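For reference, the structure discussed in these notes is given below.
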Amino acid sequence: MLGSISRTPVRIAASVQRQAVRTLMTSLPSTDRARSSALGAIRGSGSSKDMLDISNLEEFQFDDSTTVGHDGLETQREIRKYLRITKYELPKLKAFVKPFQPPTTTQILRFRTSTYIGEPNHPAAPKVVLTVETKSLPLTNPELHKFLLLVGPRYDPVKEQVKMSCEKFQDRSQNFKWLSDTLDKLINEAKKDSEAVSDVPLDLRHAAKNIKPKVRFPKEWNRPVKTA
């Protein structure tokens with residue numbers, strides 16, 4: 001008898017806590033008043049440590065969802081969260097839309113960078129790749145020939161592009177600057193006495209793997225045409 005009497009306040013406190021938790025879980029994020037009243041009931045029922053005390057838990061009455069069921073509800077809440085963002089927040093981005101403007105004839109350099117979401121300190125994030133078409137460079141034919149000799153295997157004869165990359169510095173802007181300065185130095189060097197190396201052939205062995213020969217089907221392998 002004394003044991004049942006001593007357990008009654010504990011059961012009442014546990015029931016109040018469970019009812020408050022249910023109210024808190026079923027209330028929407030916008031109903032702050034219901035959430036505040038639920039938290040007040042939890043605090044008023046006893047110490048916050050009582051909720052985590054296993055000895056104060058009453059016997060499960062099979063009147064609540066299982067762990068798998070609560071996980072499913074949490075998944076539904078997360079899905080609805082992003083659906084609300086899609087409906088109410090994404091349309092606000094229209095205010096920041098800018099019309100596409102193609103690059104002009106003077107904007108001949110193309111830079112490419114990589115951003116790794118969730119990894120701001122990724123070791124490959126500062127890397128910058130510069131690509132420029134050889135026909136857009138302000139060089140004559142002899143100067144262009146010397147320029148291609150200087151860049152070496154960075155020249156792609158198939159695409160007629162020069163590609164250079166830099167990851168010397170931790171700051172991405174410094175890699176941008178280094179590539180721009182290096183290209184300027186190569187162009188200035190190509191304009192100096194370009195006729196002296198005009199007879200030196202280009203070494204394109206590095207691009208042999210990109211140059212695929214055109215394979216044609218032999219005519220003698222064709223099936224003979226049946227005559228009527």
Side-chain angles (χ1 to χ4, degrees), residues 7-104 107 109-131 159 161 163-177 179:
R7 292 181 182 178
T8 302
V10 176
R11 289 187 177 182
I12 294 175
S15 301
V16 173
Q17 290 175 358
R18 288 205 331 173
Q19 184 64 28
V21 170
R22 289 179 184 175
T23 306
L24 181 62
M25 295 296 293
T26 56
S27 62
L28 296 176
S30 58
T31 57
D32 297 334
R33 183 176 300 176
R35 177 181 296 179
S36 300
S37 61
L39 290 175
I42 292 175
R43 298 189 185 99
S45 60
S47 177
S48 59
K49 296 182 180 179
D50 295 342
M51 297 182 61
L52 304 178
D53 192 354
I54 300 178
S55 61
N56 293 336
L57 296 179
E58 63 179 358
E59 185 179 355
F60 183 64
Q61 302 296 329
F62 298 95
D63 56 349
D64 194 4
S65 180
T66 60
T67 302
V68 178
H70 282 292
D71 291 341
L73 293 175
E74 185 63 27
T75 303
Q76 291 295 330
R77 294 189 191 98
E78 187 176 4
I79 293 175
R80 292 182 179 183
K81 170 187 173 183
Y82 288 106
L83 288 177
R84 287 193 293 268
I85 293 176
T86 303
K87 182 176 182 180
Y88 299 108
E89 300 296 333
L90 290 184
K92 297 179 181 179
L93 297 178
K94 293 183 179 179
F96 303 95
V97 174
K98 296 182 180 180
F100 172 73
Q101 296 180 355
T104 61
Q107 298 173 343
L109 304 182
R110 287 182 292 179
F111 294 93
R112 179 175 60 85
T113 59
S114 300
T115 301
Y116 299 86
I117 300 177
E119 300 183 53
N121 298 325
H122 195 278
K127 182 179 180 180
V128 181
V129 181
L130 167 65
T131 306
K159 299 180 180 180
Q161 293 179 349
K163 181 187 293 184
M164 298 187 300
S165 63
C166 178
E167 49 185 338
K168 295 178 178 292
F169 310 99
Q170 292 296 327
D171 191 355
R172 184 180 292 177
S173 60
Q174 290 180 293
N175 294 325
F176 274 100
K177 178 64 174 172
L179 288 173

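Since this is a predicted model, take the numbers as computed values, not measurements.
- Qualifying side chain to side chain donor-acceptor pair (under 3.5 Å) partners for T67, counting only residues two or more places apart in sequence or in other chains: none.
- For Q61 (side chain) and E59 (main-chain N/O), a donor-acceptor pair under 3.5 Å exists by modelled atom type.
- Partners of K177 according to the side chain to side chain donor-acceptor pair (under 3.5 Å) rule, which considers only residues two or more places apart in sequence or in another chain, are D181.
- Smallest separation of non-hydrogen atoms from G69 and S65: CA-OG, 3.3 Å.
- With values rounded to the nearest 0.5 angstrom, K87 atom NZ is found 13.0 Å from R80 atom CZ.
- Taking CZ of F111 as the start and CE of M164 as the end, the distance is 8.5 Å to the nearest 0.5 Å.
- The minimum heavy-atom distance linking Q161 with T131 is given by the pair OE1-CG2, 3.4 Å.
- Judged by distance alone, with hydrogens and angles left aside, the side-chain atoms of R172 form a donor-acceptor pair with the main-chain N or O of A125 at under 3.5 Å.
- Classification of R77 and E74 as a salt-bridged pair holds, one side-chain N sitting under 4.0 Å from a carboxylate O.
- When all heavy atoms of S165 and V129 are compared, the pair lying nearest together is CB-CG2, 4.0 Å.
- Counting heavy atoms from C-beta on, the side chains of S114 and K127 never come closer than 4.5 Å.
- No side-chain donor-acceptor contact under 3.5 Å links E78 to the backbone of T75.
- Shown here for P126 and N175, the closest heavy-atom pair between the two residues is O-ND2, 2.6 Å.
- Heavy atoms from other residues, nucleotides or ligands lying under 6.0 Å from CD of Q170 number 12 at most.
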